[in-house]
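Heavy atoms only: backbone and side chains are in, while hydrogens, waters and symmetry mates are out. Nothing here was measured: the structure is a model prediction, and the numbers come from that model. Both counts, for ligands and for their atoms, begin at 1 and track the order of listing.
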Amino acid sequence: MLDKSLHRKNSSGESSSGATTASAATVLPPLQDRFGRAFDYVRIAVTEKCNLRCTYCMPEEGVDFPDPTAVLTAAEIQRSVETLAKMGVRKVRFTGGEPLVRKDIIEIVANTANTPGVKAVHLTTNGLLFPKYAKDLLKAGLTGVNISLDSLDSEKFERITRRTGLDKVLESIQCALDVGFKTVKVNVVLMRGFNEDELHDFCEMTKDQRVTVRFIEFMPFDAHQMWETGEHFASAANLVEQIEKFYPGIKTASGTRTEHHIFQAPGYAGKIAVIPAFTRSLCGNCSRIRVTSDGKIRNCLYSDDEFDLKALLRKDGCTEEDVVGVFRKAFDEKHRDGFEAKKKSTEKKINVADIGKGRTSMTQIGG
Ligand code: SAM
Ligand code: SF4
């Protein structure tokens, strides 16, 4: 059953009667699916390239597109954002790959922030280049930043990311707070036998810093390096249980739609969230549109169905109606939840050899 009650919140976590009816900027009917879900949040991957090689995400050699024209241009991204804003999209997140390796990222953020209807522009980054761009990003209109960090131990950080840089990431978190970003979150992929022993240390980051530390379930998009055995998976339910033990009497707090479990320890400045990204209890509240860096629309993280936005944008005479049409088609075909999406995608693969093919890294899907 879809939990429609949660549609009272928009993607920024604010209460509203629905972002699409709340703003005069919506000039087209809102983007909805056949189950009544409205989509007001787009995540756009701007590159597949990355300056880290996290073992749970990328193979050692990376997954870059050899052809630079494969990636959507700043103008193509802007055209897509403008159309989506007219259909009720209010929040845009740039991700990748590492979005800050893209040279025109400030221009992309500024264009988006100046788009009528867009209320929030966020970025997910590994933090390595963030201090260099923080002020310019804020000036360009970025409203929130999620910084990924999976270990507070430099040796373990290096093992997970195959690169050095823990100090730089910690500096980024402090810099995001100091520069004045209102929303600063730390994304932690929590894995058994890897960094689960750091759960408490990460929670303690919220004691004095007004950050939300978000524990994300490990998902099978790691280019098949670690997921296969299942031994590293730590469930959201188990993490919640541990957090409740650390802080008896911990209170639930308010958060975004995916922050299904969100807490604030008594007297602490920040919040702790657990994201059931794999167990998928969040599908009923889905409000996300995903656009991959090579310009494919994906209506679900767990579906292999793709809708070719880039080809359309590059066709002579492509109209706004055409762009609207491809987004509507993608969401007309969205499945009820991630389990059904996964099942259908697997069924479509007639040959056993095709199973497991497709996009296998979060950098290719747009994490
Ligand atoms: N490079 C940026 C970063 O690391 O923040 C943005 C892209 S990254 C793909 C976006 C988020 O996806 C990160 O928080 C990362 O930890 C998460 N991620 C990557 N692979 C994952 C996996 N297999 N399971 C769960 N989360 C994953
Ligand atoms: Fe790069 Fe982010 Fe993937 Fe790590 S999680 S390899 S930083 S894209």
Side-chain angles (χ1 to χ4, degrees), residues 43-65 93-102 105 122-130 133 137 142 144-151 156-166 168-169 172-173 176 184-192 194-196 198 202 211-236 239 258-259 273-280 282 288 290-293 298 301-302 338 359-367:
R43 296 170 70 95
I44 302 177
V46 293
T47 181
E48 279 200 356
K49 292 191 175 130
C50 189
N51 45 0
L52 291 182
R53 290 285 182 276
C54 303
T55 44
Y56 59 75
C57 177
M58 272 221 192
E60 175 92 65
E61 65 279 10
V63 287
D64 303 346
F65 290 120
R93 175 177 301 280
F94 294 112
T95 180
E98 173 49 42
L100 296 183
V101 302
R102 184 152 167 168
I105 188 68
H122 289 207
L123 181 93
T124 303
T125 171
N126 61 30
L128 289 192
L129 295 169
F130 184 74
Y133 294 117
L137 286 166
L142 192 77
V145 59
N146 286 19
I147 298 174
S148 304
L149 175 62
D150 303 313
S151 180
K156 225 194 269 178
F157 178 94
E158 206 174 322
R159 227 182 319 136
I160 295 175
T161 64
R162 300 189 182 105
R163 300 286 188 274
T164 55
L166 172 63
K168 206 71 186 160
V169 184
S172 281
I173 297 166
V184 181
K185 300 187 180 186
V186 178
N187 282 358
V188 186
V189 179
L190 227 279
M191 291 170 289
R192 271 207 337 239
F194 228 63
N195 57 356
E196 201 184 8
E198 295 189 57
F202 273 113
V211 294
T212 300
V213 173
R214 297 153 34 103
F215 299 107
I216 303 169
E217 278 180 343
F218 179 34
M219 292 180 279
F221 304 118
D222 63 327
H224 294 286
Q225 300 164 89
M226 291 167 52
W227 176 261
E228 296 280 287
T229 61
E231 67 186 281
H232 294 296
F233 181 73
S235 75
L239 297 177
T258 54
E259 290 163 357
V274 180
I275 320 286
F278 181 71
T279 45
R280 280 164 267 187
L282 39 73
R288 291 171 177 206
R290 285 172 196 273
V291 178
T292 65
S293 59
R298 289 182 71 118
L301 195 52
Y302 287 93
R359 296 179 193 245
T360 53
S361 162
M362 280 299 270
T363 56
Q364 296 169 309
I365 299 166

Completion exercise
OG1 (T125) and CG (L137) are apart, to the nearest 0.5 Å, by 9.0 Å

Can you tell which of [options] gets a heavy atom nearest to [atom]?
{"atom": "atom 26 (N) of ligand 1", "options": "V189, L149, T95", "result": "V189"}
{"atom": "atom 14 (O) of ligand 1", "options": "G127, G96, A277, S148", "result": "S148"}
{"atom": "atom 1 (Fe) of ligand 2", "options": "A45, P99, C50", "result": "C50"}

[X] versus ligand 1: do any nitrogen or oxygen atoms come within less than 3.5 Å of each other?
{"X": "T124", "result": "no"}
{"X": "T125", "result": "yes"}
{"X": "Y56", "result": "yes"}
{"X": "G97", "result": "yes"}
{"X": "M219", "result": "yes"}

Practice task
Taking both backbone and side-chain atoms into account, decide whether C54 has an N/O/S atom under 2.8 Å from atom 1 (Fe) of ligand 2.
Solution key: no

Fill in the blank from the handout: Near E217 (heavy-atom distance under 4.0 Å), the atoms of ligand 1 are 25 (C)

Practice task
Could you tell me which atoms of ligand 1, counted from 1 in the order shown, lie closer than 4.0 angstrom to a heavy atom of N187?
Solution key: 14 (O)

Exercise for the section: May I have the step-by-step check of side-chain hydrogen bond (donor to acceptor under 3.5 Å, both in side chains) for E98 and N126, ending in yes or no? Expected result: CA-CA 7 Å; E98 173 49 42; N126 61 30; 3.3 Å; yes

Exercise for the section: Apply salt bridge (charged side-chain N to carboxylate O under 4.0 Å, His left out) to R288 and list each qualifying residue two or more places apart in sequence or on a separate chain. Expected result: none

Practice task
Check ligand 2 against M58 and write out every atom of the ligand that is under 4.0 Å from a heavy-atom position of the residue.
Solution key: 6 (S)

Return yes if some donor-acceptor pair links the side-chain N/O of [X] with the main-chain N/O of [Y] below 3.5 Å, else return no.
{"X": "N195", "Y": "D150", "result": "yes"}
{"X": "R102", "Y": "T47", "result": "no"}
{"X": "R53", "Y": "R162", "result": "no"}

Fill in the blank from the handout: Sequence neighbours excluded, the answer for side chain to side chain donor-acceptor pair (under 3.5 Å) partners of R163 is none

Problem - Side chains of R93 and T124, donor plus acceptor under 3.5 Å - result: yes

